[in-house]
Amino acid sequence: KLPVVESLGCVTAVASDKTGTLTQNEMTVRTVFCLAMPSHTFGFTGVGYDPSNGSLVHMEEDGPALKQPGSPRKVAPDSSEMQALSALFYTASLCNNATLTQSQETGKGKQSLFGQPTELALLCATSKAGLVDPRPQYHRLQEIPFTSERKCMDVRARPIGGHHACSAFTKALLDTTTQPATPTSAARRPSFDGSLYFVKGMPEKILGECKTYTSADGSLKTLVEDDRTLTLAQSRRMAATGLRVLALAYGKSLGDLTFAGIVGMEDPPRAGVSDSVRHLREGGVKVMMVTGDSKETALAIAQRCGITGPVHSTGGGHVSRSQSSSSLIDLQLPNDSSHSDVLDTEAGAGAVSEALSGEELDNIPTQNMAESIAGVKVFYRVVPRHKLAIVRALQELGEIVVMTGDGVNDATALKGADIGVAMGKKGTDVAKEASDIVLADDDFQTITMSIAEGKGIFFNIRCFLSFQLSTSFAALTMASVATAFGLPSPLNAMQILWINIIMDGPPAQSLGVEPVDERILRAKPRKADDPIVTRALLLRAITSAILIVIGTLYVFKTELEDDGKVSRRDTTMTFMTFVNFDLFNAYACRSADRCFFELSLMGNPAFLWAVGGSIVGQLLLIFWPPLQEIFQTEALSLYDLGYIIFLSSSILWLDTARKLLCRRWFSDGYNPSPRTLSPRRSRGRLPKFSWLGLGRLDGKARQASIWKSNKEKSKTLLAL
């Protein structure tokens, strides 16, 4: 929606999704942990979804992984560790809907990819471990898809030939030490047809449903509390390095599962995201991350993106392909059985208070929500319904909010935000319809550039209006003065039409694409109720118009004194003077605060072409006989042209005097955003209208603030 583009210059808060927007959305399994070998940690080399580019290796037990290519020791397919690891990777493949196959159409060495990046990464890890995808050997009986509420995915499958892919699955069927599941749910009844449930999801969720874990020989051992604590400590340590952690389990029934292990997947920030976030924060825009990942993962990625920490910090950067193509990430894993709570070591202690979970949001009373999230920069373990609550709270604080989303359930938050941004690649049609802007490349840097462009568009509109109003005032005043003093009309009808073309045509339009000064782009967001036409703009237009009128009428009066009759030369000199004043005025209007000699002559190629074309057209009107007859003009001497250029260039010096000596009266400036508006003052305020009738851009914010009851929310969902 085009009106929203200009509104981006008012944005004071950006709430962005993490996966795919701040990050590359290209997962790579980096770390594997199994309780069968608690003192060992395994990792993967290589990036991307090419199984030939990497392998399963041993990681150092008391330090980072070795960084030299070829130095990590590979895990052999026939090693003792593969009994437990194969159960983990086969579970990851069976609880999976992605496809990773060799494509015959795209050529040799190319692959056909389909599915979510997380599931593609798990399939790729299975291949790197030297295992074959077991799904062709199984018949899927049931699937319970992943949801943000359940935080897990369940698949029930049985082997087609009656034999499971690994011995651990067979031993799980024969095991009699586990307690039977409650018969109240059909999904929890043990299977007697050889089928098993394969589950992946949030570690806390999966561990709560496990009673046993896979041992080194594939047999089942009872899962005790110390094992759960150790696994969660490992999970938090992985997450603290920015990895997304998934747990995997299998069993005869849900609620009575066998824990297979956890995997840590890397989704590095996009290139340049940290710089984009830094530019926004330096410009007074609050940047927040909204994610369903764990606290440690969210804080680690937020630190690397520059969302937390000092404003001048550029964050931790990102892991490029060249840096990680044949190595492992730096991951410091515990070498003992310490079960202490692991905090985010990268973000530091100060970042802990900047994070809030979805569960904590549910426990905050509505009337206290705005004050509670005032300093929060990371929202983790959230579901789509939390996004609308975040939007309302930020709007109550007086923020102009940009909210990103891609799912059907994000529609209410996108509609309630001042500017809703949907993802163009992974976004649903419902989200795109509810949003104001569709992000074609799903890249956060595009949002940053759009906000800067929004500031620039508003600034260029003012420059355009300054030129338009000054020309209009001058033409109207000149005709009025001539009529009031009984003088003949200085210009004929055709000449006035040509001036309108100059005023509304290419020179004026090219001001809309003028590159904006970097100071404007990095300035604080303007207030939403700032009028386009300001007192400073009107003063600039009026003073320029006065000078144009005085200079043009002076030439007309001087030429008229010779014989007292209006001749072709009189109107030609007047016409040429007015047009030249217009062209010099257009150059001065390229900036509201910089003098003409500070502007780059080649800074706006469109303006050069427009002015050049106007000059050529003007000269044709003066010197080409066919056009001379139409516009009633005659050729002028070089002395006349030099005289007109010297006189009309005086508007540049007037503009310089205004910008250097009277900046207080003639400069628009850039007002800061109302970030300090108290919740008590902002709550229930009516829209503030300027004297030009241009109101605040908070219509959607006020609309969202009246959605109080669940009944009204339901009506809104139906309307969407």
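All heavy atoms count here, side chains included; hydrogens, waters and symmetry mates do not.
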Pairing donors with acceptors under 3.5 angstrom, does anything connect the side chains of Ser470 and Asn585?
yes

Can you measure from CG (Asp406) to OG1 (Thr19) and round to the nearest 0.5 angstrom?
9.0 Å

Are the side chains of Ile645 and Phe584 in touch, meaning some heavy atoms are under 4.5 Å apart?
yes

Can you tell if the side chain of Val273 reaches within under 4.5 Å of the side chain of Val277, non-hydrogen atoms only?
yes

Please report the shortest heavy-atom distance between Thr574 and Thr552, naming the atom on each side.
CG2-CG2, 3.4 Å

Evaluate the side-chain proximity of Leu22 to Ser16: yes if any heavy-atom separation is below 4.5 Å, no if none is.
yes

Can a donor-acceptor pair be found between the side chains of Asn580 and Thr577 at a distance below 3.5 Å?
no

If you measure from CE on Met478 to CD1 on Ile496, what distance do you get to the nearest 0.5 Å?
7.5 Å

Distance under 6.0 Å and angle within 45° of the ring axis: does Arg270 meet both against Phe444?
no

Looking only at atom types and distance, does a side-chain atom of Arg594 sit under 3.5 Å from a main-chain N or O of Leu599, one as donor and one as acceptor?
no

Under a 4.5 Å cut-off applied to non-hydrogen side-chain atoms, are Thr21 and Asp443 in contact?
no

Is the shortest side-chain heavy-atom distance between Met403 and Lys387 below 4.5 Å?
yes

Quick one: NZ on Lys425 to CG on Asp442, what's the gap to the nearest 0.5 Å?
6.0 Å

Whether Phe575 and Phe631 hold their rings parallel, tilted or perpendicular, with breakpoints at 30° and 60°:
parallel

Among side-chain atoms of Gln632 and Asn492, is any donor-acceptor pair under 3.5 angstrom?
no

Check whether any side-chain N or O of Thr23 sits under 3.5 Å from a backbone N or O of Lys18 as a donor-acceptor pair, and report yes or no.
yes

Where Phe581 and Gly551 come nearest, the two heavy atoms and their spacing:
CE1-CA, 3.9 Å

Verify the neighbour count for atom CG of Leu660: are there more than 12 heavy atoms of other residues, nucleotides or ligands below 6.0 Å?
yes

For residues Ala474 and Ile548, report the shortest heavy-atom separation together with the two atoms involved.
CB-CG2, 3.7 Å

Looking at every heavy atom in both Ala13 and Leu394, which two are closest together, and how far apart are they?
CB-CD1, 4.5 Å

I want to check something: taking the side chain as every heavy atom from C-beta on, are Thr543 and Asp655 in contact at a cut-off of under 4.5 Å?
no

Tell me whether Glu396 is salt-bridged to Arg392, with the criterion being a basic N under 4.0 Å from an acidic carboxylate O.
no

Can Thr412 and Asp410 be counted as having a side-chain donor-acceptor contact under 3.5 angstrom?
no

Do Leu465 and Ile532 come within less than 4.5 Å of each other through their side chains, counting heavy atoms only?
yes

Consider only side-chain N and O atoms of Glu634 and Thr572, and report whether a donor and an acceptor are under 3.5 Å apart.
no

Do the charged groups of Glu598 and Lys659 touch, with an N to O distance under 4.0 Å?
no

With heavy-atom distances below 4.5 Å as the criterion, would you say the side chains of Leu641 and Met576 are in contact?
yes

Should the pair Arg462 and Phe458 be classed as cation-pi, given the thresholds of under 6.0 Å to the six-membered ring centre and 45° from the axis?
no

Nearest-0.5 Å distance that lies between atom OG in Ser466 and atom CG in Leu537
5.0 Å

Could you report the tightest heavy-atom contact between Arg281 and Val287, atom names first, then the distance?
CG-CG2, 4.2 Å

Rounded distance [0.5 Å steps], CE in Met288 versus NZ in Lys286:
5.0 Å

Examine the side chains of Thr446 and Asp441 and answer whether a donor and an acceptor come within less than 3.5 Å of each other.
yes

If we count only N and O atoms by modelled type, under 3.5 Å, do the side chains of Ser544 and Arg658 hold a donor and an acceptor together?
yes

Give the minimum heavy-atom separation between Leu397 and Ala370, together with the two atoms involved.
CD1-O, 3.5 Å

Here the gap from Ile542 atom CD1 to Thr477 atom OG1, rounded to the nearest 0.5 Å, amounts to 9.0 Å

Salt bridge flag under 4.0 Å for residues Arg569 and Asp640:
yes

